[in-house]
Amino acid sequence: MPRTIGIKSPEEIAKAREAGRLAAEVLSVVAPHVVPGVSTEALDRIAHAHIVQVQRATPANIGYQGYPKTVLTSVNHVVCHGIPSPDKILKKGDIVNIDVAVVHDGWFGDTSRMFCVGSPSPLARRLVDTTYEAMRAGIRQVRPGATLGDIGHAIQTVAQRAHFSVVRDYCGHGIGRNYHEAPDVLHYGNRGEGLRLEAGMVFTIEPMLNAGKAGTRELADGWTVVTQDRSLSAQWEHMVAVTPDGYEVLTVWPDGTGDYAPV
């Protein structure tokens, strides 16, 4: 993975925007199918068919470091990287993050969002809502001259105010012609610290918050990451470009944000 920070031209950002649009579209297509009784494998098949047959794009996750599926489905206490399975059936009250990435014209698009299956518990709903607000707070810090620490601090502030913990083992990342590029975008930090942002940078902001402690562990499958204390976890993710006067979200969901305020 290249460690230099790539500055994208307007033409390159246009390509990243299109890849991001396609990734967001996949989540919109999958959304109506996230209902009680569906398997995460079935959701994966829907996403794969849309990317390959409709978008004529490439599912970025398949084969990435050996990953076997199109999307990642992280249910309840799964923090990230959950593998779709025919045996994992969603039930009323579940919360699930679906994470998708596509490649189009050599550029990567990457986004994820939370879904509630039926009516979740008050704690689960508050966690999902707070995690969205944390992502939103982080994105709103993005502008030339701001720092990565400003983003992390904003996210951490929202999380701690709600008495949730920020996962520190995973972070956002630069993205472009490579799936994962510099910089690493931490979801905690101090104002004014870290890399100073410049117009043309493109990266993801994807906070993971836990209802309990921040600790995680990876399961024997080498992918699935769960909370150590089995508490609930939630995550949202957008791709963001730094513009001359602020930011642009490159993965706007075509079906809107529902009850959530737009970024």
Side-chain angles (χ1 to χ4, degrees), residues 8 10 12-34 40 43-62 64 67 69-74 80-82 84 95-116 128-129 131-140 142 172-181 185 201-208 234-243 246-263:
K8 276 72 172 176
E12 289 174 324
I13 289 178
K15 292 184 177 182
R17 183 186 300 116
E18 178 61 10
R21 183 190 71 80
L22 293 175
E25 182 181 272
V26 174
L27 293 179
S28 180
V29 168
V30 171
H33 304 278
V34 184
T40 53
L43 299 177
D44 190 79
R45 288 197 302 267
I46 292 166
H48 185 273
H50 187 76
I51 294 170
V52 174
Q53 298 174 16
V54 178
Q55 296 180 342
R56 305 296 181 184
T58 301
N61 289 322
I62 295 178
Y64 180 75
Y67 188 75
K69 298 292 184 177
T70 298
V71 299
L72 303 104
T73 50
S74 301
C80 58
H81 304 165
I95 58 173
V96 55
N97 176 273
I98 301 179
D99 191 334
V100 63
V102 303
V103 186
H104 178 264
D105 196 22
W107 288 79
F108 285 78
D110 184 14
T111 185
S112 82
R113 63 189 296 182
M114 293 299 297
F115 296 91
C116 296
V128 168
D129 292 351
T131 308
Y132 180 84
E133 288 304 321
M135 177 190 69
R136 186 168 177 261
I139 291 173
R140 292 175 69 184
V142 175
H173 54 88
I175 188 169
R177 290 186 179 276
N178 299 285
Y179 197 166
H180 295 88
E181 301 179 349
V185 181
M201 292 179 176
V202 177
F203 46 79
T204 69
I205 296 176
E206 48 182 301
M208 289 150 268
Q235 178 187 19
W236 297 79
E237 175 185 12
H238 268 312
M239 268 174 67
V240 180
V242 185
T243 66
Y247 66 85
E248 179 187 356
V249 175
L250 302 180
T251 44
V252 175
W253 300 310
D255 57 342
T257 52
D259 295 334
Y260 298 98
V263 176

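The model shown is predicted, which means the values in this text are computed figures rather than measured ones.
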- Hey, does the side chain of Arg140 reach the backbone of Val263 with a donor-acceptor pair shorter than 3.5 angstrom? no
Taken to the nearest 0.5 Å, the spacing of His238 NE2 from Thr251 OG1 works out to 5.0 Å
Rounded to the nearest 0.5 angstrom, the CE-CG distance for Met114 and Asn97 is 5.5 Å
Worked check of side chain to side chain contact (heavy atoms under 4.5 Å, CB included) between Thr73 and Asp44:
CA-CA 8 Å; Thr73 50; Asp44 190 79; over 6 Å; no
Heavy-atom closest pair (Ile205 atom, Pro207 atom, distance to 0.1 Å) is C-CD, 3.7 Å
Look only at the side chain of Tyr132 and the backbone of Ala261, and say whether a donor-acceptor pair between them is shorter than 3.5 Å. yes
Contacts of Tyr247 meeting ring-ring contact (aromatic ring centres under 6.0 Å, His included) (sequence neighbours excluded), chain-then-number -> none
Rounding to 0.5 Å, atoms NE2 (His50) and CG (Leu22) come to a distance of 7.5 Å
Inspect the contact between Glu12 and Lys15 and indicate whether a charged nitrogen and a carboxylate oxygen are less than 4.0 angstrom apart. no
Residue set satisfying ring-ring contact (aromatic ring centres under 6.0 Å, His included) with Tyr64, at least two apart, ordered chain then number -> Tyr179, His180
What donor-acceptor contacts under 3.5 angstrom involve side-chain atoms of residues 99-111, with partners at least two apart or in another chain?
unit_1: Asp110; atom_1: OD2; unit_2: His173; atom_2: NE2; d: 3.2
unit_1: Thr111; atom_1: OG1; unit_2: Glu237; atom_2: O; d: 2.7
unit_1: Thr111; atom_1: OG1; unit_2: Trp253; atom_2: NE1; d: 3.4

For Thr257 and Pro262, the nearest pair of non-hydrogen atoms, with its separation, is OG1-N, 3.9 Å
Of Glu206, Met135, Arg113, the one forming a side-chain contact (heavy atoms from CB on, under 4.5 Å) with Gln235 is Glu206
Here the pair of heavy atoms bringing Ala24 nearest to Pro254 is O-CD, 3.7 Å
